Every structure is written in C-alpha cells, then in structure tokens.
Trainee: 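I have a structure here, written as structure tokens, and I will follow up with some questions on it.
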Amino acid sequence: MENRLCPICSRQNNPQDTHCWFCNAELPPYTPGEDQPTDWLEELKNTDLNLEVSSSPIENNQDQNRSEKESEEFTPNWLQKIRSREASDREEKKANEERYWAEKRSKEGLPDWLRSLNEDANELNSIPEETKPDVEPEKEQPIESLKSDEGGNSIKADDWLDSLKTWQEPAEEKTEISSSQTENTPVASSPEEVPEDSQPLSEPGEDFDLNKIFLLSEEKSNQELSSNLPVEEEKKDELIEDQTILPEGFNPLDQLFEPIEDAAKSDVVTTEKEIADIESSKTLDSSPFLKNLDDVLPFDEFDQPLEQKEPEPKVEFEPEPNANLREISSEPSPEEITPLPVGEVKPFAVDMEKVASPFTPEETITEPFKLDDLPEWLADIKPGEKPSTPVKPKVRRPVVDDGTPMPEKGKLPVWLDARRPVEAVDLPIAIERPKPGEIAVEGEEVSKIPSESAIVAPAITGTPSELGEGLRVSNRQKTNAALLSVIATSVEPVEVSAGATVKIGNQSVWRSLLAVVFLLIAVLGGTILKDYYLQPELFPEEVVHTFTLVNTIPLDKPVLIAGDFEAGFAGEIRLTFQPVLEHMMRRDLNFALMAINPVDSALLENQITNGMTAVPSFDSASKVVDLGYFPGGAIAIQNMGNSFSNAVRLTADLVDTSTHEITKNVHLLSDFGAIVVVTDKSENARVWIEQIQPGLGETPLLLVTSAQASPLIIPYYKSGQVDGLVSGMPGGMIYQKILGSNTGGFESATSMQLTLGLMASLVLIGGFVSLVLPKTGGGKRQ
Amino acid sequence: MTFGPDFIWIIVSFILTILVFSYFLGDHAIFRFVMALFIGVSAGYIAVVLIFQVIVPRLVVPLLSGSQLALIPLLLSGLLLLKLSSKFSRFGNIPMAYLVGVGAAVAVGGAVMGTIIGQVKGSWNEFFPSTGGSPFLAYLEGGFLLIGTLATLAYFHFNGKKGNTTGGKRNMMMSIFAWIGRIFISITLGVVFASVLTAAATALIERTDFVVRTIQLFTGR
Amino acid sequence: MKSPIALAVAVISGLIVLLGYFIPSPMLADIRTPMLDWAVILSGVAGLVAIIHLVFGVHSDRVKKEGARQWFSLVVILCFLLTLVAGLFLEPTSPIFQKVVTYIQTPIESSLLAILAVTLSFSSLKLLQRQRNWMGIVFFVTVILFLVINSGLLSFTDRIPILRDFLSGLQLIPTAGARGIVLGVALGSLATGIRILIGAERPYEN
Amino acid sequence: MSSAEQIIGFSIVVFFTILVIIFSTKAVRNRYPPIFRKIEPFNRLKRAIGMAVEDGSRLHISLGNAQLTDPANTSGLVGLSALHRIGQLTSTSDLPPICTTGSGGLLVLSQDTLKTISIETNTRAFFDANHAAMTGATPFSYAAGIMEFIDNSGVNGNVLIGNFGTEAGLICESLNKARVSVTGSDSITAQAIFYAATQDTLIGEELYALPAYLAAGPGYLASLRVEDIFRMVIGGGMIAGAILKIVGLI
C-alpha cells in the first residue's frame with residue numbers, strides 16, 4: 001500500500017504529504033512496510049461475529065489490499081472526477097503547507113498554555129507498559145500534530161472551529177490507539193471492550209477528588225473559558241473517564257457507533273468547504289461501510305448526489321449557521337461564553353457527551369433491533385441473513401442535494417438526521433418513500449417524520465429546523481443511514497396500532513356503559529336491594545378492641561384527634577369515623593382537633609357538627625379545641641412526639657395552648673387520654689406509629705383509616721404497635737353495630753358488596769379475554 | 001328541610017358532583033370548567049391556610065413578640081420570595097439549600113431510625129409468640145415472613161454479572177430469590193390495589209347515595 | 001449559579017438536623033428544634049411561591065394568549081381570587097369559609113375518587129394484556145381474591161376454621177412484601193439523602 | 001429510642017457515606033466497573049427520550065406532591081435528578097421537557113433545574129419558567145391540573161417519579177395518549193395503581209436507580225452499589241436477629 005494513513009482521522013494520504021489533507025494533522029514519517037490500520041469492524045467480524053464475508057449484506061473484506069484493488073477496478077466516473085478534483089486541491093494545499101511548515105520552524109517555543117496542553121495530551125496518551133503497542137511513536141504524532149494545528153489555527157479557520165476540531169480528536173485518537181492495540185495483540189478485542197482497554201490511557205492517575213467526581217469542574221474562570229484549549233483538554237479527560245461508567249445505552253458514539261459519530265463530526269466540519277468535499281469523497285475510499293454497501297447498493301445510487309454536489313459553489317462562512325453548529329455540538333463559542341457569569345457554563349465535553357448519549361444504538365436495540373451494542377447489532381445480522389425483503393434502492397437512496405438544503409417545517413434538520421438516535425426510528429415511517437417531486441435533503445428518507453407530529457415550541461424564534469440550514473450531510477452519513485435501512489428492513493416493524501383512534505372512541509363508549517352499570521348498581525343497592533346484604537359472621541378483633549379501648553379512656557384527659565386525610569376520602573372517613581366519634585361524644589370526652597392536612601380542620605369540625613345531631617348533649621364549644629393546621633408533616637409529628645407543648649404553642653384561634661382549658665395540662669403526647677389518627681394513607685399511619693408510638697406509654701394509639709390503608713396497617717396492629725384499628729366502611733358498620741347506633745352505612749352495605757363483586761367479575765373477565773387476545777405493547781402506546 | 005344557606009350549599013355540591021360524573025361521558029368543556037374551579041378554589045384555600053396558620057403564628061407572632069431568632073426565617077422567607085423574580089431568583093438558592101439540606105436529613109434520619117431499624121426489629125418480633133400462642137406457629141409465621149422479606153429485598157438487588165453497565169443479569173442464587181420476591185411483591189401490590197378499588201368504590205357509593213338523597217329532597221319523597 | 005454558600009448551608013443545616021437523630025444532646029436539640037421550625041415556615045412560603053406562580057405566572061400567561069385554555073385559566077384565576085379574598089376577610093376558622101372545603105372541595109374530590117372506581121376497573125380489564133407474565137398473573141388473581149374478601153361475600157368462611165386460617169395466612173404475605181418494599185425504599189432514600197448531604201447532588205443551584 | 005439503636009443508626013449513615021465516596025472514586029470504578037441488571041422500563045425510557053428528540057415531542061416529568069420537609073421527599077428529588085438528565089439528553093430537541101409537581105418546594109427546585117439545563121446545554125432561548133408548574137395545591141387538584149397542563153403540549157412521553165397517593169389513578173387517566181409512561185413511587189398505593197394502569201412501572205427501590213441508569217454521574221452508580229451492600233447487611237441482620245430471638249438471647 002502506497003498511501004499514508006493519518007493517525008488522527010485514519011484517512012489515506014499521498015506518501016509525499018507531510019500533513020493530512022483532510023484534518024491537517026501532521027503525518028508520521030513514511031515507512032514503506034507500514035501496516036494498514038485495522039478498523040474495528042473488521043476486527044469485530046474476525047473475532048466475534050464470524051460473519052461470512054460473502055453472504056453478509058454489510059460484508060467486510062478480510063483482505064484490505066484486495067478490497068483496495070477491487071475498488072480501483074470498479075472506480076466509477078463520479079469517483080474519478082472527485083479524485084481529479086482532489087488532486088488539484090492537494091496542489092493548492094501543498095503550497096499552504098509549506099508556508100505553514102516554515103512558520104512552524106520559525107517558532108521558538110510554544111506558549112505556556114499550549115505546553116501544558118501537550119503535557120496533558122501526553123499523559124492522556126501514556127500507555128501502560130504491558131499494553132503499550134509498538135506503534136507508540138506514531139501515536140505520539142497526533143498530539144504533536146494537534147499541537148501544531150492549534151498553533152496554526154489563526155491561519156486556518158476561526159477559533160471555534162479549531163476548538164471543535166480539537167474536541168473531536170481525542171475520540172479519534174482513542175479509537176486509533178485501541179485499534180493499534182488490537183492489531184498488535186493476537187487476541188482481538190471486541191469494540192465494546194475498547195473503552196475498558198483504553199481506560200488506563202485516559203486516566204491521569206489522580207486520586208479521589210470529590211469536586212471532580214461530582215461537580216465536573218463547574219468552577220471555571222473566565223480566563224479558562226476564553227483560552228478554551230486547556231479547558232478542552234480537561235474535559236477530554238472527563239469525557240474519557242465517563243465513558244467507562246456510562247451505562248448501557250449511553251456509551252459515546254465514538255466507541256459504539258463510530259461511523260455515525262464520524263459522520264456527525266464531519267458534519268461539524270462541513271462549514272469549511274474544502275474539508276467537506278474531501279471528506280465526502282474520501283469517505284468513499286476509506287469507509288469500510290461503503291465497501292460493504294457496495295454489494296448492497298449499486299454505485300449509481302450514490303452517483304447522483306455526488307455529481308450534483310461537485311459543482312457546488314464555495315460556501316461562505318456564515319456566522320449564523322456557525323452559531324447553530326455550536327448549539328448542535330453544545331460547544332459554546334468564546335463570543336458566547338464571554339458574557340456569561342462565571343461558572344455558568346458547564347464543561348463542554350461532559351455536556352456534549354451527555355447530550356449525545358441518547359443517540360446510541362443500544363436503545364434501538366431494545367425494541368426494534370434487539371441489540372445491545374453496535375457489535376451485537378451487527379451480530380444480529382447472521383451470515384446469510386439478508387433482509388427477507390430486498391432493499392428497495394429508491395427508498396434508501398440518497399436524494400438530490402442541490403446545495404441549498406432547506407429542511408421543511410416539521411422535519412428534522414440535517415444535522416439532527418445525522419445524529420438522530422437510531423432507537424427513535426419509527427421504522428414504518430423511516431422507510432417511507434419521499435413524495436414524488438419532493439426535494440429532500442440527503443439522508444432524509446431515514447428520518448422522515450410526519451409533519452403533524454412535529455410541534456413547534458411557541459414563542460421560540462429559532463427552531464432547530466431553521467438552525468439546520470446550510471448544513472450538509474456527508475456521504476459517510478448517507479452510507480451509515482443506508483446501512484441502518486438495510487438493518488431496519490431485516491427487522492420486524494414495530495407494532496403500531498393502526499386503529500388507535502377508533503379504539504379510543506370505542507373505549508370511551510365502553511367506559512360510559514361501565515359507569516352506567518356501576519351507578520345503577522350503587523343506586524339499586526342503596527334503595528331497592530338495601531336489605532339484601534351479607535352480614536359478617538364474626539366481628540373483626542381490631543374493631544372490638546378499639547371499642548373496648550374507647551370505653552376505657554379516662555374522662556379527665558382530652559383525646560387528640562389528628563386528621564391526616566384528603567378531602568376526597570371525606571365520604572369514606574365519615575362512614576368509618578362517625579361511629580367512633582359518636583362513641584367518644586357519648587362518653588363526653590374532651591377533644592383536641594389537629595389537622596395534618598390543611599383541609600382536615602374543616603372536615604373534622606364538620607364531623608363533630610354531624611355527631612351533635614346524634615348526641616345533642618355534647619357541648620362542642622367547651623369540649624372541643626381546634627389546634628388548626630399543623631404543618632411540617634413527619635418532622636412536625638416527630639417534634640410533637642418530643643414535646644407537645646413546645647411544638648403546638650397556639651390554637652387555631654391563636655390562643656396559647658398552655659392556657660387553654662382543654663390543653664393546659666398536656667405537655668407530652670402521653671398526657672392525652674388517647675391519640676386517634678384518622679388517615680387515608682398507610683404511609684401517614686406509619687409515620688405516626690414510628691415517630692409517636694414509642695413515647696406514648698399507656699396512652700393508646702387508635703387508627704381510623706380508609707380501606708386502602710388497612711392491609712399495610714393490620715401487621716402493626718398484630719405486632720401491638722397500634723392499639724386499635726377501624727378501617728373502611730365495613731369497619732365503621734361493625735363499630736356501629738357494636739355501638740348500637742345508626743350513623744349511616746348500613747344502607748350502602750348492599751351497594752358495596754355488589755360493586756366490589758362487579759369489580760371482581762370485570763377483572764376476571766378482562767383477564768380471560770386478555771389471555772385470548774394478543775399481548776399489547778402497552779396500553780399507553782396506543 | 002328549610003331553604004336556608006345550607007340548602008344552597010347542598011345544591012352547589014349536588015351540581016358539582018353531577019358535573020364531575022359527566023366525565024363518564026368523556027373529557028368535555030363542562031368537566032374542564034369544574035376542574036378549573038377546583039384548582040382555583042383549592043389554591044385559594046391553601047393560600048389562606050398557609051397565611052393564617054403557618055406564616056402568622058410561626059413567623060409574624062414571634063416577630064411581634066420581639067423574638068430576634070425569628071429574623072432568620074424572615075430573611076430566608078424574603079429571599080425565597082425572590083424566586084418569583086427571574087432577575088433575582090438566584091438569591092433564593094440559599095433558603096432552598098436550607099430546605100433541601102434539612103429535608104435530606106429528615107429523610108435519612110427517618111429511613112434509618114424509622115424504617116430500617118424499625119422494620120428489622122419488626123421482623124424479629126414476628127418470632128415472638130403472642131400471648132397463649134404456640135411458639136412453633138410463631139416461628140413458622142416469622143420464618144415465612146422473613147423469607148418473604150428477604151426475597152423481596154433480593155428482587156431489588158441491582159448488581160449483575162456479564163454485560164455492560166446496565167445490561168447485566170442476576171446470578172443464579174439471586175435470580176431464585178428474586179423470583180420468589182416477585183411473587184410476594186405481586187401479592188402485596190394486588191392486595192393494595194384491591195383496597196384502593198374498595199376505597200374508590202366506597203366513594204362512588206357515597207356520592208351516588210348523596211345524589212339520590214338530594215334528588216329525594218328536591219322531589220320531597 | 002454555583003454558590004459555595006448554598007452548598008455550605010445545605011450541608012451544615014442537614015448535618016445538624018441529622019445528628020439530632022443520633023446524639024441525644026439537649027444543646028443540639030435547642031439548635032435543631034428552631035431549625036426544623038424554620039424549615040416548616042420555608043416550606044409554607046415555598047407553597048405560597050408556587051401558588052403565586054401557578055395563578056399569576058402560568059394561568060395569567062395563558063389568559064393573555066388566544067386559545068381554548070384562555071377561559072380555563074380565567075376561571076382558575078377568578079376562583080382563586082374569590083376564595084383568597086373570602087379567606088382573608090373571614091379567616092380559615094370561620095364556619096362559612098370552611099364550607100369551601102365541605103361543599104366544594106369535598107364533593108369534587110370525592111367524585112373524582114368515584115370516577116377512579118370506574119376508570120381503574122376499566123384499566124384492570126386490560127391488566128393481563130399489559131403484564132402478561134408471572135407477576136401479572138399473580139397480581140391479577142390477588143386482586144380478584146381480595147376484592148371478593150373485601151366485599152364480605154366470603155363472610156361464610158368465618159365458620160370454617162381451615163378457610164379462615166388460610167385467608168388469615170394469606171394476609172400475612174402483604175406484610176412481608178410491604179416490608180421488603182419499604183426497606184428498599186428506605187435504602188434509596190438513604191442514598192439520595194446522603195448524596196445531598198455530601199454535596200454530590202445540588203438541586204438548589206442554578 | 002435506645003442508645004444502641006442510635007449508635008447502629010449512626011454507623012449505618014457513616015459507613016454508607018464512606019462507601020458511596022469510595023465507590024465514586026475513579027480508581028475503584030476502573031478496577032471494579034459496575035454492572036447492573038437490566039431494567040426494562042429504563043430501556044423504554046431511553047427510547048422515549050430518543051423519540052422525543054426525533055419526532056419533536058415533549059417529555060413530561062411529574063415529581064409528585066411530597067413536601068421537602070417530609071421523609072418522602074427523596075423520591076421527588078430523584079425525579080428532579082431524572083428531570084435534569086432528561087433535560088440534558090433532549091437538549092437537541094426544540095421542545096424541552098415540562099415538569100409538574102404538587103409541592104411548592106419541588107416546584108422551585110424544578111424551575112431551577114430547568115434553568116440549569118438551559119445554561120448547561122446552551123439552550124437558554126428555550127427556557128421558560130412556566131414549563132414547570134405546581135398544577136394544583138392539593139393532591140387531587142394537582143392531578144386535575146396535570147390533565148390540563150399536558151394537554152396539547154405535544155407530550156408524548158411521561159415520567160412520573162415521586163410521592164403520589166390515590167390521585168395517581170387520575171394522573172394515569174391523562175397519560176393514556178402518550179406513547180410511553182414510566183412510573184414509579186415510594187408509596188405502595190401509588191405503585192399498585194401504576195402497576196395496574198401503566199405499562200412501565202418501577203417497583204419500590206427501582207425508582208431510585210433512575211438517574212444511575214440514565215448515566216447522571218458516578219455518585220448515582222456508587223449509591224446503587226452501596227445500597228446492594230447494605231441490602232445484604234440488612235438481610236444478614238434480620239436472619240441473625242431471628243436466630244437470637246429463637247434462642248432467647250434478645
């Protein structure tokens with residue numbers, strides 16, 4: 001092989017080049033016997049996947065040289081054109097390079113910040129002895145070239161673009177290192193091992209630093225921000241560090257889905273026309289994917305867009321798209337950073353990774369593709385497992401790029417297409433053919449979104465649809481998108497309920513009918529059938545015990561009634577608590593009402609008023625004190641457990657509790673005759689049991705709860721932590737029966753039994769029907 | 001029944017119940033109207049309660065009585081109110097930090113002292129025979145509960161083996177326990193769900209009963 | 001904005017309150033009790049801030065915009081103002097003002113809960129379609145069984161000792177399951193709380 | 001509360017903290033990389049996040065109605081962490097997530113979180129304080145408010161993480177139109193309702209793992225590992241105590 005490989009971007013250059021024609025990185029000295037770099041996919045296939053080269057739709061040739069020859073043999077016209085254009089461009093570049101070298105030689109030294117960057121980069125690049133590959137000197141080169149790149153950035157492009165480049169490089173570099181490692185190691189590692197393997201490389205060897213771990217270097221000075229590069233280097237470290245801890249589905253794309261990430265990166269660079277053009281043409285030479293896809297997709301499919309792209313006029317550097325690009329990559333430009341207050345800008349690298357992380361193939365994988373990683377992805381394409389439906393070229397085929405991409409409203413911008421999360425591909429939609437005559441952006445067919453689904457944020461002027469203007473998608477992206485389509489067609493489409501709307505309509509009818517049945521039963525049970533209910537054979541022990549305890553409450557001590565329930569449960573609580581309250585009123589006990597929930601003060605007062613109709617002798621004015629709303633939830637209850645008089649100083653009428661007739665002798669909760677907690681939630685009850693009960697001594701803790709809380713409270717009653725329990729309407733009815741009163745509830749007993757019976761039948765029928773019907777992807781998905 | 005203010009309130013209550021029940025026919029404008037009313041009224045009520053039963057007795061009264069300690073919550077409250085301003089909202093970070101810090105401590109304290117120690121002790125107590133009960137039965141019951149609790153805990157075990165960071169699998173032993181735990185969890189959730197349905201059914205019956213009674217009141221039957 | 005003061009406030013206040021759980025020192029209690037009181041006050045003020053934002057932020061914004069939500073927000077604002085004014089004049093302990101709860105809030109909330117009876121039953125119809133696995137089937141059977149038990153239709157089993165013991169034993173299972181769930185939740189709470197107390201999680205910063 | 005219990009409690013807190021810090025260090029993470037079991041709802045959530053970016057729809061995160069002074073607040077705080085992470089992940093979408101709560105404290109925190117996201121991801125133009133709201137002051141009005149708040153907001157995925165009660169059933173009603181709804185609560189009642197009414201329910205402690213599974217940071221991963229260790233310790237303590245109880249030593 002005559003060409004020289006760039007250690008940064010892994011692309012081939014002429015042997016005489018000193019700098020990479022694509023990324024301007026310094027090339028290592030040329031050695032005639034230099035090995036071809038292995039790409040990870042090739043390795044993957046050799047080791048893990050065992051794909052049969054001949055049969056796989058994405059087959060990769062084992063013999064790189066052979067593939068080169070083949071590609072030369074079949075070089076189509078369009079490729080020849082591109083290459084001839086490349087040649088002319090190279091000549092132009094050469095002149096620039098010479099100028100650059102001269103400049104570089106004239107430089108006496110590097111600025112401090114760049115030197116430190118170099119050190120950092122070396123540290124980053126340092127490889128443990130045992131794993132250090134032989135090609136280390138070559139690997140040192142990229143850093144050098146990176147340095148020189150940065151040094152010369154004033155020549156080339158604007159600052160932000162350079163910073164973007166440097167940002168890209170660590171990932172590339174890392175891939176390079178890992179591929180070199182595997183090249184030198186007999187036992188090839190799978191791509192998912194790459195981060196682990198390369199982890200030590202990225203480790204600066206520092207010990208635990210809480211700030212770094214948790215804060216991700218949040219305190220950045222303005223100086224650091226403006227000088228960008230050292231910061232970038234730090235972020236690089238973190239980026240690499242985080243790669244090891246990212247969970248499934250959030251591995252950075254450069255590890256898991258390198259080609260797409262590359263494409264995305266190239267996207268960022270496309271604003272510089274030369275790079276963009278070369279990128280697109282060179283991709284055809286070097287991308288393993290293209291070689292694979294050559295078998296799947298006829299060359300003429302790629303022909304058209306490239307030919308159209310070629311005569312494209314030079315794109316001017318426009319500030320607006322650049323700003324958008326910054327947003328895409330989450331890279332704040334220096335101009336944008338400057339006005340920000342110190343510390344408001346998060347480290348870029350971390351953010352970028354975080355932002356990019358959903359676009360990993362893993363998720364795709366969960367549902368339509370059943371893949372966990374890129375390698376597994378490919379693993380799913382078994383030898384000979386070509387798509388059952390032959391790929392329709394027109395569907396996958398990149399459409400004309402007229403050089404002025406104007407994404408339509410409601411469609412994703414090109415850059416997002418390039419970075420789009422694979423898992424989000426709604427396959428039936430994704431392979432939809434563009435409408436005739438529709439001018440679509442390249443690669444758009446993969447990400448075609450129905451316009452009705454795109455909702456534009458109100459009051460936001462610049463949507464990403466607009467932000468995507470002026471961007472182009474490289475051929476690498478196109479090939480990757482095409483690859484996805486190939487894979488997509490081989491996977492069963494996601495089940496989409498076609499008649500969702502109809503079903504929803506039907507559902508509301510069924511639900512209305514069901515509601516009518518429920519209401520009818522409730523009405524009939526409360527009127528005509530009200531005497532036909534089944535009486536319990538035995539009274540529950542806890543209710544009987546509660547009744548006994550209420551009978552033993554000393555008359556000289558007040559009872560604390562704490563309401564901790566929602567207004568929605570007031571009906572059920574009334575039926576449950578009314579007989580207990582009536583019993584206590586009959587005993588002429590004093591009450592202190594406390595509302596843990598703001599509405600309970602009113603509801604408890606209301607129950608006292610109702611009780612007075614049954615017990616008219618009860619004088620609520622002198623027997624009841626309203627302590628009002630007691631805010632603070634659990635901590636307030638805990639405080640009250642420590643000292644009631646300190647925690648509750650005032651009544652609802654702002655009278656001091658220590659002077660009030662009913663509460664003046666109460667200092668601790670144990671000074672009450674009984675604590676009655678009325679609640680609808682088991683969690684609330686648990687707070688009372690855990691925080692209050694241990695300090696109550698002889699004072700009984702009685703719980704009156706909604707039916708929904710009872711299953712989780714009964715164990716506390718059985719273990720003796722709760723002294724009495726009345727729960728739900730049935731509990732209230734039994735208490736009424738023991739008390740010999742009628743506070744309501746008996747009239748509803750039949751309704752209750754019939755309603756619950758109906759519910760049980762419905763669940764049963766629904767269950768059996770469900771077993772017959774196919775499983776849904778989830779009710780919510782409809 | 002006299003046609004006094006209470007009667008008007010009952011009519012209001014009746015109408016509101018019917019309007020909410022109209023949701024059975026679908027989500028429509030009238031139902032939305034009631035929801036808007038509900039949101040507005042409940043927000044107003046809570047605001048009044050917060051002012052009169054939290055701010056006044058706990059902040060204003062101590063301040064008026066000359067407590068200098070009350071100046072701290074006053075200052076913090078003032079800073080917190082700045083959260084309403086987009087310009088000065090950052091000054092509200094300090095009271096929020098205070099609130100979050102205290103909240104976290106309460107959560108940690110409650111989790112450790114209330115739940116972890118409380119529940120572990122509770123599981124021990126299951127082995128204590130109740131008065132007059134057979135010790136063997138208590139051990140059997142306690143053992144059953146202990147296995148159930150341990151299995152449920154095993155279900156939540158996150159560490160796995162083989163695979164990437166969040167794609168691992170449980171080991172064999174843990175899988176068996178987790179399977180048992182899953183049964184316990186299912187039964188627990190099933191029992192609680194049945195109880196929720198019971199509570200909801202009670203509300204349905206209570207409301208239907210109210211509607212029927214009110215209609216009877218109107219018709220004089 | 002990252003502020004070391006906010007971090008210090010969160011960590012120190014949290015640690016003081018937390019230590020109060022473990023160290024029974026009267027001096028610590030003297031500091032801790034007012035600190036908890038302040039938290040309660042701040043929680044109330046935060047509630048007010050949220051209500052003001054809801055009414056004069058979210059809903060008043062919507063009133064200004066054209067659309068179907070306009071009238072909805074208008075009703076919210078009017079009802080809020082009416083209730084607030086009434087409350088400020090009458091005070092919350094007034095029996096008249098309390099009718100807001102007993103005759104407006106309670107019927108609406110109870111009716112919403114009643115609606116749940118139907119909607120949850122309806123959801124349960126498709127339960128096994130969604131959760132067709134062992135866990136779903138056990139859940140399904142349990143729901144049916146306990147609905148029947150709660151209805152009282154099995155009250156005859158009280159006379160049959162074996163059945164009575166079986167049903168009583170069945171009710172032990174939720175105890176074990178709930179204990180496991182509660183312990184798990186406590187571990188999660190502990191982890192979350194500790195992350196905040198060591199400053200690893202700072203939701204209060206912007 | 002006995003002093004022995006207080007010592008045990010204090011030890012639990014101290015050791016838990018130390019272990020979280022140790023497992024957060026790079027050295028430990030690299031030497032013993034964490035591997036956690038697969039939890040299907042999280043995969044669906046990741047997919048929903050991707051979908052939200054893809055099809056220009058929103059994600060709605062609801063944090064429940066726990067007060068910050070309540071021990072149940074941690075589930076809401078976990079919801080906040082999830083909001084933060086989801087906000088970062090969907091920052092390339094033109095519709096940032098919206099957030100609803102039923103508690104004042106959580107509202108303020110969620111607004112701060114949304115603001116932080118907008119700063120971190122350079123999307124301040126998209127920040128709107130009204131994207132977070134306390135939709136109602138009581139649990140039921142909060143649920144009713146959610147119905148209205150997310151209606152016509154382009155919401156196609158919901159994440160309900162926090163403390164809920166029975167109102168969870170009402171909230172589920174408003175989720176029906178969404179593609180994915182991941183739900184979790186520390187309340188057993190809400191868990192039961194979610195399990196019956198939604199597809200992707202996180203049971204118990206699983207909800208606390210959400211930020212870790214969304215790769216929110218090493219602290220979250222470390223917490224999960226320490227939780228596992230303490231789960232073992234608790235299990236061991238229960239068994240040991242039971243034996244001692246049977247023997248009659250305690």
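These figures come from a predicted structure and were not determined experimentally. Here is the naming used below: chain letters follow the sequence lines, and residue numbers restart at 1 for every chain.
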Trainee: Are side-chain heavy atoms of A:Val599 and C:Gln105 found at a separation under 4.5 Å?
Mentor: yes

Trainee: For the OG1 atom of A:Thr755 and the CG atom of C:Leu147, what is their distance to the nearest 0.5 Å?
Mentor: 11.0 Å

Trainee: Quick check on C:Ile96: does its CD1 atom have over 12 non-hydrogen neighbours (other residues, nucleotides or ligands) under 6.0 Å away?
Mentor: no

Trainee: Out of C:Val40, C:Ile41, C:Thr33, return the one with the most heavy atom pairs under 4.5 angstrom to chain A.
Mentor: C:Val40

Trainee: What distance separates A:Ser770 OG from C:Lys126 NZ, expressed to the nearest 0.5 Å?
Mentor: 9.0 Å

Trainee: Is C:Leu112 close to chain A through its backbone or its side chain, or both, or neither, when contacts mean heavy atoms under 4.5 Å?
Mentor: neither

Trainee: So for C:Thr93, is it side chain, backbone, both, or neither that comes closer than 4.5 Å to the heavy atoms of chain A?
Mentor: side chain

Trainee: Keeping the roles fixed (side chain from C:Thr175, backbone from A:Leu712), state whether a donor-acceptor pair exists under 3.5 Å.
Mentor: no

Trainee: Tell me if the CD atom of C:Gln70 is crowded by more than 12 foreign heavy atoms within 6.0 Å.
Mentor: yes

Trainee: Can you name the closest pair of heavy atoms from A:Leu514 and C:Phe122 and give their distance?
Mentor: CD2-CD1, 3.9 Å

Trainee: Treating C:Ser110 as the side-chain partner and A:Gly568 as the backbone partner, does any N or O pair qualify as donor plus acceptor under 3.5 Å?
Mentor: yes

Trainee: For chain C, which candidate among A:Asn606, A:Leu603, A:Leu764 shows the most heavy-atom pairs at distances under 4.5 Å?
Mentor: A:Leu764

Trainee: Output the residues of residues 628-637 of chain A for which the shortest heavy-atom distance to chain C is under 4.5 Å, in residue-number order; output 'none' if no such residue exists.
Mentor: A:Pro631, A:Gly632, A:Ile635

Trainee: With a 4.5 angstrom heavy-atom cut-off, which part of A:Glu683 approaches chain C: side chain, backbone, both or neither?
Mentor: neither

Trainee: Working to the nearest 0.5 angstrom, can you tell me the gap between C:Thr106 OG1 and A:Glu566 CD?
Mentor: 10.5 Å

Trainee: Side chain, backbone, both or neither: which part of C:Arg32 has a heavy atom under 4.5 Å from chain A?
Mentor: side chain

Trainee: Which atoms of A:Glu605 come close to chain C, meaning under 4.5 Å heavy atom to heavy atom: side chain ones, backbone ones, both, or neither?
Mentor: side chain

